[in-house]
Amino acid sequence: MYRTGDLARWMEDGNVDFIGRIDNQAKIRGYRIETGEIESQLLRVKGVREAVVLVRSDANGQKALCAYYTPDTGVELVVNDLRSALAQELPGYMIPSYFVELDRLPLTPNGKIDRRALPAPEGEAGSGREYVAPRNELEMKLAVIWQEVLGLAKQIGVHDNFFDIGGHSLRATTLAGKIFKELNVNLPLRDVFRHSTIAAMAEAITRMERREHEAIPQAEEREYYPLSSAQKRLFIQHTLDGADQLYNMPELVQVEGEFDLDRLEAALRKLITRHESLRTGFEMMKGEVVQRIYPQVDFAIEHHQADTEDSDQIEQIVRNFVRPFDLGQPPLLRAGVIELEPHLRILLFDMHHIVSDGVSMAIVMEEFSSFYAGEQLPPLRIHYKDYAVWQQSKAHRERIGRQEAYWLQTFEGELPTADLPMDYERSAVRSYEGAHVEFDVEASLSARLRELAAECESTLFMVLLAAYTVLLSKYSGQEDLIVGTPVAGRTNADLEPVIGMFVNTLALRNRPSGDKTFLSYLEEVKETALGAFENQDYPFEDLVERLNVKREPGRFPLFDAVFDLQNIEERDAELEGVSLKNYELDPLEEAKFDLTLFMYENEGALSGGFFYATKLFKETMIRTLTEDYLRVLSQIAENPQLELSRIECHKPAAGAKSAVDTIEFAF
């Protein structure tokens with residue numbers, strides 16, 4: 001019989017879950033945890049003599065499973081081996097975050113385990129044992145590759161988890177590409193998730209067949225070259241009415257200090273000389289668009305003067321600077337400077353997306369800084385034109401053909417069309433007028449979402465995407481949805497230093513039916529995302545053509561909603577003697593799609609926003625959508641076992657046009 005005072009004391013301690021003390025169960029953020037079952041499985045591991053599992057609160061007040069164990073005499077136990085053994089029998093959310101090895105378990109005077117005397121775990125959750133250095137040549141090579149991909153200077157232990165130390169979907173793709181190039185092993189992307197430590201990955205690689213990395217060859221010199229699939233898409237988009245500035249990539253930087261404009265121009269000229277893509281123009285040749293590389297191009301910085309206090313004048317200069325590019329006249333890069341005061345300027349940069357992408361912009365900033373500092377860079381082995389020619393090679397087309405089968409199977413049957421409630425009727429003529437609404441996710445909720453991703457052996461991308469599709473399903477009343485997402489497209493490691501347009505668009509098809517729990521649905525989203533990422537080289541344009549998608553006026557083929565977790569590694573320029581910071585100016589916003597949810601991490605904080613077409617939605621509607629997305633995130637974080645039909649949302653704004661009258665419906 002438990003006395004009231006005992007219960008109060010246990011709850012006051014905050015270290016041991018009250019439910020776990022009484023019936024050997026605990027509930028952590030919606031999961032029903034059977035601690036006795038975990039203990040039972042742990043005791044079955046060879047070498048474990050005693051074991052007890054508690055629910056404790058960590059430094060952030062978050063509850064986590066902690067396993068205490070004692071080894072048999074003379075036995076050395078490795079935490080990752082324990083974790084792997086449990087993973088064979090238990091779901092991810094029942095794997096303890098902490099493992100603490102003790103010589104003996106503390107006992108009460110009557111011989112029972114004294115749970116209150118168990119020490120609090122030290123270090124970070126999931127950190128396991130102390131640093132273990134690579135023990136053989138393969139592990140050493142993997143450690144070097146991991147450091148390059150993660151951008152870490154510190155040593156990586158063989159039991160560190162890739163996704164615990166900064167890994168995510170984009171980096172996982174990069175990792176697989178580098179392993180293929182340097183170790184001649186084509187490691188499937190899903191195996192990065194399955195074998196997410198250096199030790200486990202090395203063991204998996206030793207069992208795999210060696211294959212020669214397919215290096216991208218240098219194309220023979222010719223007068224002109226074909227376009228890549230991504231360039232073809234952007235060239236067509238550029239010619240549409242009202243879309244001539246849709247793919248400009250402007251950047252504004254405020255510079256304070258002694259700044260040498262001659263060095264600036266010289267550095268940019270060297271950059272243009274180094275990268276053929278910055279000397280490339282696009283023209284029609286025998287009825288087909290081709291790219292022509294010029295040996296040299298004219299380039300000069302535009303100079304402007306403005307009053308520091310006159311924001312309207314500055315804005316007008318920027319508006320005039322960000323103007324349509326003539327794709328036939330390289331360079332498709334322009335730069336300018338606005339002189340405000342003797343030691344205060346605004347630098348203006350603009351590039352066209354057909355020769356650049358997000359990763360390319362990071363390369364531009366890094367190499368520009370090097371050239372400005374007077375450094376020399378080694379020549380590039382291949383350029384973008386080599387990639388475009390390689391795309392048409394027999395070997396690449398065979399690989400793409402194998403990926404095509406995956407996509408055709410994914411989209412067999414009737415294709416869904418998401419009918420979101422809209423404030424205005426859709427016009428037959430596509431409008432690109434847009435706006436955006438931003439939001440922040442509370443720190444505690446952000447942390448919980450990351451924990452949920454880790455517990456389910458998924459990524460933050462997958463959790464946020466799953467929540468987004470639940471939201472879209474609530475608003476549209478549909479249980480079969482397609483959402484687009486951009487991918488970097490640099491699956492071949494040879495492309496890392498090349499400036500150019502490599503981005504592909506993936507169409508992710510998910511089915512958030514109401515009878516599924518969020519946890520089970522997240523597992524489906526994970527598998528869908530992994531399958532798509534593993535087949536991401538197949539061009540979206542080819543998929544649309546093969547599916548013979550009916551083109552509807554004013555709509556994008558296959559999907560109207562997009563999700564974008566922005567995790568490109570940004571590299572700020574570092575220039576001697578000056579301080580740099582982004583110059584904020586409200587841009588003329590354009591919406592490529594009806595609705596785009598973008599999310600990003602900034603120094604550990606999670607933020608995001610919705611880009612939306614203003615010809616379809618009012619701001620009030622988007623703000624309601626924003627509130628509902630945050631509500632969905634809160635509900636799944638609190639209870640991942642919640643059925644999707646029970647997740648609550650607000651109604652859309654009054655007057656919104658939709659195929660459904662209300663969002664408060666049962667699936």
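When a residue number appears, it is its place in the shown sequence, counting from 1. None of these values were measured; they are calculated from a predicted model. Just so you know, these numbers use all the heavy atoms, side chains as well, and skip hydrogens, waters and symmetry mates.
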For Ile499 and Ser277, work out which heavy atoms get closest and say how close. O-OG, 2.8 Å
Measure from the side-chain N and O atoms of Asp310 to the backbone N and O of Gln313, and report whether any donor-acceptor pair falls under 3.5 Å. yes
Under 3.5 Å donor-acceptor, Tyr406 side chain and Asn535 backbone: no
Kindly state whether the ring of Tyr629 and the ring of Tyr475 have centres lying under 6.0 angstrom apart. no
Can you confirm if the NZ or CZ of Lys385 lies within 45° of the ring axis of Tyr225 and under 6.0 Å from the centre of its six-membered ring? yes
In this structure, is the centre-to-centre distance between the rings of Phe325 and Tyr247 below 6.0 Å? no
Could you state the interatomic distance from CG (Leu465) to CG (Asp564), rounded to the nearest 0.5 Å? 11.5 Å
Any Lys/Arg nitrogen of Glu283 or Arg292 sitting under 4.0 Å from an Asp/Glu carboxylate oxygen of the other? yes
Separation between OG1 of Thr485 and CG of Leu597, rounded to the nearest 0.5 Å: 10.0 Å
Are more than 12 heavy atoms from other residues, nucleotides or ligands located less than 6.0 Å from atom CD of Glu288? no
Could you please spell out the steps behind the side-chain contact (heavy atoms from CB on, under 4.5 Å) verdict for Val255 and Ile346? CA-CA 6 Å; Val255 181; Ile346 299 174; over 6 Å; no
Does atom CD (Glu442) have a neighbourhood of more than 12 heavy atoms from anything else shown, all under 6.0 Å? no
Heavy-atom check, side chain of Asp350 versus side chain of Glu251, under 4.5 Å: no
Quick one: do Leu595 and Tyr468 satisfy side-chain contact (heavy atoms from CB on, under 4.5 Å)? Show the steps, please. CA-CA 11 Å; Leu595 187 69; Tyr468 183 40; 3.8 Å; yes
Donor-acceptor side-chain pairing of Ser476 and Asp419 below 3.5 angstrom: no
Shortest non-hydrogen pair, Phe563 vs Pro486, comes out as O-CD, 3.5 Å
Flag side-chain contact, heavy atom, 4.5 Å: Tyr600 against Leu565: no
Is there a donor-acceptor pair closer than 3.5 Å between any side-chain N or O of Ser645 and the backbone N or O of Gly514? yes
Within 6.0 Å of CD in Gln409, more than 12 heavy atoms from elsewhere: no
When you check the gap from the basic side-chain N to the acidic O, do Asp244 and Arg323 get nearer than 4.0 Å? no
Looking at Arg274 and Glu367, is there a salt bridge between them, counting it only when a charged N and a carboxylate O are closer than 4.0 Å? yes
Would you find a donor on one side and an acceptor on the other, under 3.5 Å apart, between the side chain of Gln245 and the backbone of Val322? yes
May I ask you to test the Leu246-Gln237 pair for a side-chain heavy-atom distance under 4.5 Å? yes
Less than 4.5 Å apart, any side-chain heavy atom of Leu271 and any of Val364? yes
Apply the test ring-ring contact (aromatic ring centres under 6.0 Å, His included) to residues Phe617 and Tyr424: give CA-CA distance (whole Å), side-chain angles for both, the deciding distance (0.1 Å), then the verdict. CA-CA 7 Å; Phe617 305 107; Tyr424 308 105; 8.8 Å; no
Residues Arg397, Asp542: salt bridge by 4.0 Å N-O rule: yes
Would you call Cys649 and Leu471 a side-chain contact if the rule is heavy atoms closer than 4.5 Å? yes
Rounded to the nearest 0.5 Å, what separation is found between the NZ atom of Lys618 and the OH atom of Tyr612? 11.5 Å
Charged N to carboxylate O below 4.0 Å: is that the case for Asp357 and Arg490? yes
With rounding to the nearest 0.5 Å, note down the distance linking OG1 in Thr614 to CD1 in Ile622. 10.0 Å
Residues Asp423, Lys615: salt bridge by 4.0 Å N-O rule: no
Below 30° counts as parallel, above 60° as perpendicular, anything between as tilted: where do the rings of His352 and His238 land? perpendicular
Check for a donor-acceptor pair, side chain of Ser473 on one end and backbone N or O of Gln478 on the other, with a separation under 3.5 Å. yes
Between Thr459 and Arg450, do the side chains contain an N or O donor and an N or O acceptor separated by less than 3.5 Å? no
Which residue, Arg399, Arg402, Arg190, forms the salt bridge (charged side-chain N to carboxylate O under 4.0 Å, His left out) with Glu534? Arg190
Measure across Thr280 and Pro330 and return the closest heavy-atom pair with its distance rounded to 0.1 Å. O-CB, 3.3 Å
Quick test of your reading of the model: are Lys474 and Asp628 salt-bridged, counting only N-O distances below 4.0 Å? no
Mind checking the CD-CG spacing from Glu496 to Leu380? Nearest 0.5 Å is all I need. 12.5 Å
Please name the pair of heavy atoms, one in Leu630 and one in Leu445, separated by the smallest distance, quoted to 0.1 Å. O-CD2, 4.4 Å
Can you give me the closest heavy-atom contact between Phe518 and Val463, atom names plus distance? CZ-O, 4.1 Å
Stepwise, does the side-chain hydrogen bond (donor to acceptor under 3.5 Å, both in side chains) test hold for Thr469 with Asn510? CA-CA 8 Å; Thr469 55; Asn510 288 290; 5.3 Å; no
For the CD atom on Glu398, are there more than 12 heavy atoms of other groups (residues, nucleotides or ligands in this structure) within a distance under 6.0 Å? yes
Looking at Asn504 and Phe540, would you say the former's side chain and the latter's main chain have a donor-acceptor pair under 3.5 Å? yes
If you take all heavy atoms of Leu633 and Ala467, which pair is closest and at what distance? CD2-CB, 3.6 Å
Sub-4.5 Å side-chain heavy-atom contact between Val498 and His383: no
Strictly below 4.0 Å, N to O, side chains only: are Glu627 and Arg631 in salt-bridge contact? no
When the ring planes of Tyr387 and Trp390 are compared, do they come out parallel, tilted or perpendicular, using 30° and 60° as the limits? tilted
Using only atom types and a distance under 3.5 Å, with no angle test, would you say the side chain of Asp494 pairs donor to acceptor with the backbone of Ile216? yes
Check: Ser356 side chain, Met351 main-chain N or O, donor-acceptor pair, under 3.5 Å: no
Whether Arg279 side chain and Tyr294 backbone form a donor-acceptor pair below 3.5 Å: yes
For Gln316 and Asn320, test the side chains for any donor-to-acceptor distance below 3.5 angstrom and give the result as yes or no. yes
Member of Phe598, Tyr432, Phe593 meeting the ring pair (Phe, Tyr, Trp, His ring centres under 6.0 Å) criterion with Phe611: Phe598
With a 3.5 Å distance limit and no angle check, can you tell me whether Lys516 reaches the backbone of Arg511 through a side-chain donor-acceptor pair? yes
Just verifying a value: how many Å separate Leu348 CG and Ile317 CD1, rounded to the nearest 0.5 Å? 8.0 Å
Can you see whether Gln291 engages Gln231 through a side-chain donor-acceptor pair at a distance of less than 3.5 angstrom? yes
Report yes if the side chains of Ile354 and Met501 come closer than 4.5 Å at any heavy-atom pair, otherwise no. no
Tell me, do Thr528 and Arg509 make a side-chain contact under 4.5 Å, heavy atoms counted? no
